[in-house]
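Here's the structure we're looking at; comments come further down.
Computation of the quantities below employed the complete heavy-atom set of this structure, encompassing side-chain atoms and omitting hydrogens, waters and symmetry-equivalent molecules.
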Amino acid sequence: MINAVSFLKKVATFVLFHGKRNPQFLLHYSINFLKKDFSFDVLFYSGPSLGREIEKGRSLIRIGDGEICMMNGGDVHYQHFEKEIQQALLNSVWLYTDSSPYVICINEHVMNKTNTYLKKHNQFRCWLPMKTFYDLFFNKQATYGDASIFGYKNEFENNVYPYLKKQGVIIVTKKKTIESLQSNTRVIWKNIGYVYTPEKNAYDEIERIRKEIDELIQEKQRESIKPVVIVSCGPASKMLVYEYTQKGVQAIDVGIGLELIFSERETPYILLPKGKM
């Protein structure tokens, strides 16, 4: 009885929240909830092909369940809702094509799975919002990257690092991660700069972060070095990547992958095999 009451309260909260902020999403979510075979045939870049897109100068914006929540007007545990982040995320999705100066990355392990399969693996409620948002607003003809790509062992080292080590890298992330990179003897960048962000709610210090990034970009450009901004600070990362891409500066949203590169660890969030089932 207690579980049933708790579940009904969650349902009521979900309906009231989305009914006010995005009724179109709520309607389609409710319909998709009942579809056992609801899935897609999303086109994805392989690891090497995504690396080649980066070498061409394209930026990367990773979108997961937290970003879907923020696009619908909600908070996530590491970033309270900000209208500016929401708008940047929506713009990046609405305007995305294969010729965009950035690649959007979504979860390859989820998008082409049926609802039945996700329920079997206890991933249904987590990822149905993502699938519904894709159904409504994403470009179905475009090719996407895998949002988990930097969590796979050696993917960054093999497909991205050979390109980045020739550029002027600007790392934007929390202090703990920066200190870990600085002490890792396998990380060898000749031209590197750092911008510290808060552990949570990076947007609260966004003006300082932008100012410090701009200063490092200008410094590298004066030295005729191409700057590449590597960001890992929650949903604010996506906004920063979108902003700097519009300014002609390549930026890469790495996420938790920045904590895993040049290590023996892999992301703990890869729960499902690839392919449709």
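- With 3.5 Å as the limit, one finds a donor-acceptor pair spanning the side chains of Y244 and D214.
- In this structure, D65 and P129 have side chains that are not in contact, with every pair of non-hydrogen atoms separated by 4.5 Å or more.
- Residue pairs meeting the ring-ring contact (aromatic ring centres under 6.0 Å, His included) criterion with at least one partner in residues 45-93, sequence neighbours excluded, do not occur; the list is empty.
- Relative orientation of the Y161 and F156 rings is tilted, given thresholds of 30° and 60° on the angle between their planes.
- Aromatic pair F137/F25: centroids not less than 6.0 angstrom apart.
- A tilted orientation is assigned to the rings of Y144 and F138, their planes being inclined by 30° to 60°.
- Environment of NZ in K226: crowded, with over 12 heavy atoms of neighbouring residues, nucleotides or ligands closer than 6.0 Å.
- Smallest separation of non-hydrogen atoms from Q86 and G73: NE2-N, 3.8 Å.
- The local environment of NZ in K247 is crowded, with over 12 non-hydrogen atoms from other residues, nucleotides or ligands closer than 6.0 Å.
- Distance check, rounded to the nearest 0.5 Å: OG of S100 to CZ of R58 gives 6.5 Å.
- Taking hydrophobic clusters as Ile, Leu, Val, Met, Phe, Trp and Tyr residues chained together by side-chain heavy-atom distances below 4.5 Å, L27 does not share a cluster with I68.
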ask   = What do the steps show when you test K56 against E53 for salt bridge (charged side-chain N to carboxylate O under 4.0 Å, His left out), and what is the final call?
value = CA-CA 5 Å; K56 293 176 185 177; E53 294 303 308; 2.9 Å; yes
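- Taking each heavy atom of V241 and A251 in turn, the nearest pair found is CG1-O, 3.6 Å.
- When the shell of 6.0 Å around NZ of K36 is examined, it contains 12 or fewer heavy atoms from other residues, nucleotides or ligands.
- Within the 4.5 Å cutoff, no side-chain heavy atoms of S39 are placed close to those of K113.
- The side-chain heavy atoms of K131 and L118, taken from C-beta on, include a pair separated by under 4.5 Å.
- Using a cut-off of 4.0 Å between Lys/Arg side-chain N and Asp/Glu carboxylate O, K220 and E223 are scored as not salt-bridged.
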task = Report the C-alpha separation of M130 and N107 in whole Å, then their side-chain angles, then the decisive distance to 0.1 Å, and conclude whether the side-chain contact (heavy atoms from CB on, under 4.5 Å) test is met.
result = CA-CA 9 Å; M130 174 84 227; N107 197 315; 5.9 Å; no
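- For E157 against N154, the heavy-atom pair with the smallest separation is OE1-CA, 3.3 Å.
- Residues E108 and N112 have side chains that never bring a donor and an acceptor to within less than 3.5 angstrom of each other.
- To the nearest 0.5 Å, atoms CG (D37) and CG (N115) are separated by 8.5 Å.
- Each of I61, V229, I209 was checked for a side-chain contact (heavy atoms from CB on, under 4.5 Å) with L240, and the lone residue meeting it is I209.
- The shortest distance between side-chain heavy atoms of K140 and Y134 falls below 4.5 Å.
- Because its NZ or CZ atom is both nearer than 6.0 Å to the ring centre of F124 and within 45° of the ring axis, K119 counts as a cation-pi partner of that residue.
- Residues M239 and I85 have side chains in contact (heavy-atom distance under 4.5 Å, counting atoms from C-beta outward).
- Separation of atoms CD (Q167) and CD1 (I230) is listed at 10.0 Å; rounding is to 0.5 Å.
- Between V110 and Q123 the shortest side-chain heavy-atom distance does not fall below 4.5 Å.
- The main-chain N or O of N72 is never found under 3.5 Å from a side-chain atom of N22 such that the two would form a donor-acceptor pair.
- With sequence neighbours left out, R210 forms a salt bridge (Lys or Arg N to Asp or Glu O under 4.0 Å) with E84, E207, E243.
- With ring centers used as reference points, F38 lies under 6.0 Å from F40.
- With rounding to the nearest 0.5 Å, the separation of OG in S59 from NZ in K238 is 13.0 Å.
- In this structure, a donor-acceptor pair under 3.5 Å is absent between the side chains of T116 and T114.
- Contact annotation: the side chain of I63 never approaches that of F133 to less than 4.5 Å [non-hydrogen atoms, C-beta and beyond].
- Around NZ of K35, the count of heavy atoms belonging to other residues, nucleotides or ligands within 6.0 Å exceeds 12.
- Of all the heavy atoms in D253 and S237, the pair that sits closest is OD1-CB, 3.7 Å.
- One hydrophobic cluster holds both F44 and I252 under the rule that ILVMFWY side chains link at heavy-atom gaps under 4.5 Å.
- Checking side-chain atoms of Y96 against main-chain N and O of T143 turns up a donor-acceptor pair under 3.5 Å.
- Taken to the nearest 0.5 Å, the CD atom of Q87 stands 10.0 Å off from the OG atom of S92.
- In this structure, CD1 on I170 lies 10.5 Å from CG on N191, to the nearest 0.5 angstrom.
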